[in-house]
Amino acid sequence: MMRYIFEEKNQIDIKETRGGLVLKHESFNPTHIFECGQCFNFNIEEDGSYTAVHLGRIINVLQKEDHVLIRNVSLDEFYEIFYDYFDLGTDYSEIKKDLSENEILKTASDYGYGIRILNQEMFETVISFIISANNGITRIKNSIKIISERYGNYIGEYMGRKYYAFPRPEVLAKVDPLELREFARVGFRDVRIVEASKMVADGYLDFDIDQTLSTEDLKEKLMQMPGIGPKVADCILLFTYHKRETFPVDVWIKRVMETLFIGHEVPKKLVDDYAREYFGNLAGYAQQYLFYYGREEKIGK
DNA sequence: ACTCAGGATGGTA
DNA sequence: TACCATCCTGAG
């Protein structure tokens, strides 16, 4: 496992220029990172760049010919906040190499080259994936946007658009579910969101303590919260708690696994067992490559 | 007009 | 323990 980890931050090639930060990296593709289904906090600009909000900062990322241009953050901010967010301490070329021993994963990881798993903020991830239950990406993003605009703090403007931070748990905990439903269009997820917010506001989750729990125990703990079942819990484990051996099974990844690996329809739990057995501690990465590849290419559909 | 979407929940067998 | 109908909403 250690061989996938870089130890020094200075191993990435990034320089400050007047146009922004120039990042030269063999495994970093903004489109694949933001469109592979792991996050909902970004906005696509006219020039093809992605603007995302993370921990109260607005960052813009644009793919150029031989580098990635990162705008609106200083080099210090980048190292301080976004190095971890973009998981830059992990060696994805090594992960791809290992996964590529399997032909299907070679195809999928070549297809989704430059995907990186974002290390996202806890509360925002919890609420975002509670909203994601039986929901579509467009509507999920829209709900989160409205919640931020209505209950979050104003951060600033970028490329003509105003941005707001995702609200703190204490704020969402006091919101009337009916109001949430009316404005954010979250439907039957309204009470789940407020109740889960109350638990987080009361300190039910603690990143450092939770981190010491086994993946299995932490999953059970997460599933005690309203709106969090097996799949949502897995997403939180993978995208917030760095539990990369997790393999969230949604309808897409289920179809992909049944079509490309298993050969016939099986219950979701079996897909999970199969994948975790097959991919081991790289299951989370494999899931992202397979999900992106499968959804874009409509595999099994 | 109509289906169904990146599941969770509560009830039933 | 394993299934199953039901749950808001609106994009396609």
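Chain identifiers are assigned alphabetically (A, B, ...) following the order of the sequence lines, protein sequences preceding nucleic acid strands; residue numbering begins at 1 within each chain.
Taking Ile, Leu, Val, Met, Phe, Trp and Tyr as members and joining any whose side-chain heavy atoms lie under 4.5 Å apart, directly or through other members, A/Tyr113 forms no hydrophobic cluster with any other residue. Hydrophobic cluster of A/Tyr164: the remaining members, joined at side-chain heavy-atom separations below 4.5 Å, are A/Tyr154, listed by chain and number. Taking Ile, Leu, Val, Met, Phe, Trp and Tyr as members and joining any whose side-chain heavy atoms lie under 4.5 Å apart, directly or through other members, the hydrophobic cluster of A/Met159 also contains A/Val53, A/Ile58, A/Ile155, A/Tyr158, A/Tyr163.
Taking atom C1' on both nucleotides, C/dT9 is separated from B/dA1 by 16 Å, rounded to a whole Å. Between C/dT6 and B/dG6, the distance separating the two P atoms is 22 Å to the nearest Å. A distance of about 15 Å separates the P atoms of B/dG11 and C/dC8, rounded to the whole Å.
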**Message:** For DNA chain C, please output the secondary structure as dot-bracket, reading 5' to 3'. Pairs are Watson-Crick or G-U wobble, both atom distances under 3.5 Å; mark crossing pairs with [ ], other-strand partners with |, unpaired with a dot.
**Reply:** |||||||.||||
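Legend: salt bridge (Lys or Arg N to Asp or Glu O under 4.0 Å) pairs involving residues 55-69 of chain A, not counting sequence neighbours, sorted by first then second residue: A/Arg57-A/Glu77. The salt bridge (Lys or Arg N to Asp or Glu O under 4.0 Å) pairs that include a residue from residues 18-42 of chain A number zero, where partners must be two or more places apart or lie in different chains. Sorted by first and then second residue, the pairs that involve residues 144-153 of chain A and meet salt bridge (Lys or Arg N to Asp or Glu O under 4.0 Å), not counting sequence neighbours, are A/Lys145-A/Glu149, A/Arg150-A/Glu179.
Contacts of A/Ile253 with the nucleic acid, taken as non-hydrogen atoms under 4.0 Å apart, are absent. Among the atoms of the strands shown, none is found under 4.0 Å from any heavy atom of A/Pro248. Note on A/Pro267: nothing from the nucleic acid sits closer than 4.0 angstrom, heavy atoms only.
Taking 4.0 Å as the cutoff to heavy atoms of chain A, we find the contact window on DNA chain B bounded by B/dA5 to B/dT9.
Residues meeting the ring pair (Phe, Tyr, Trp, His ring centres under 6.0 Å) test with A/Phe188, sequence neighbours left out: none. In this view, A/Tyr111 and A/Tyr292, A/Tyr293, A/Glu296, A/Glu297 satisfy the side-chain contact (heavy atoms from CB on, under 4.5 Å) rule, not counting sequence neighbours.
No single ILVMFWY cluster, assembled from side-chain heavy atoms under 4.5 Å apart, contains both A/Val22 and A/Tyr79.
When ring centroids are compared, A/Tyr274 and A/Phe279 stay outside the 6.0 Å threshold.
Using modelled atom types and a 3.5 Å distance limit, the side chains of A/Asn60 and A/Asn72 yield no donor-acceptor pair.
Between A/Pro226 and A/Ile140, it is A/Ile140 whose nearest contact on DNA chain B lies nearer the 5' terminus. Along DNA chain B, the nucleotide nearest to A/Ile228 and the one nearest to A/Phe129 differ in position, and the one closer to the 5' end is contacted by A/Phe129.
In this structure, A/Lys221 is positioned above the aromatic face of A/Tyr204, its NZ or CZ under 6.0 Å from the six-membered ring centre and within 45° of the axis.
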**Asked** Using a cut-off of 4.0 Å between protein heavy atoms and nucleotide atoms, how would you tag nucleotides 7-12 of chain C 5' to 3' with B, S and -?
**Response** BBBS--
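For the side-chain hydrogen bond (donor to acceptor under 3.5 Å, both in side chains) with A/Thr215, the qualifying choice from A/Glu220, A/Arg276, A/Glu245 is A/Glu245, the only one to do so.
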Listed pairs, N/O of protein and of nucleotides 4-6 of chain C, under 3.5 Å:
none

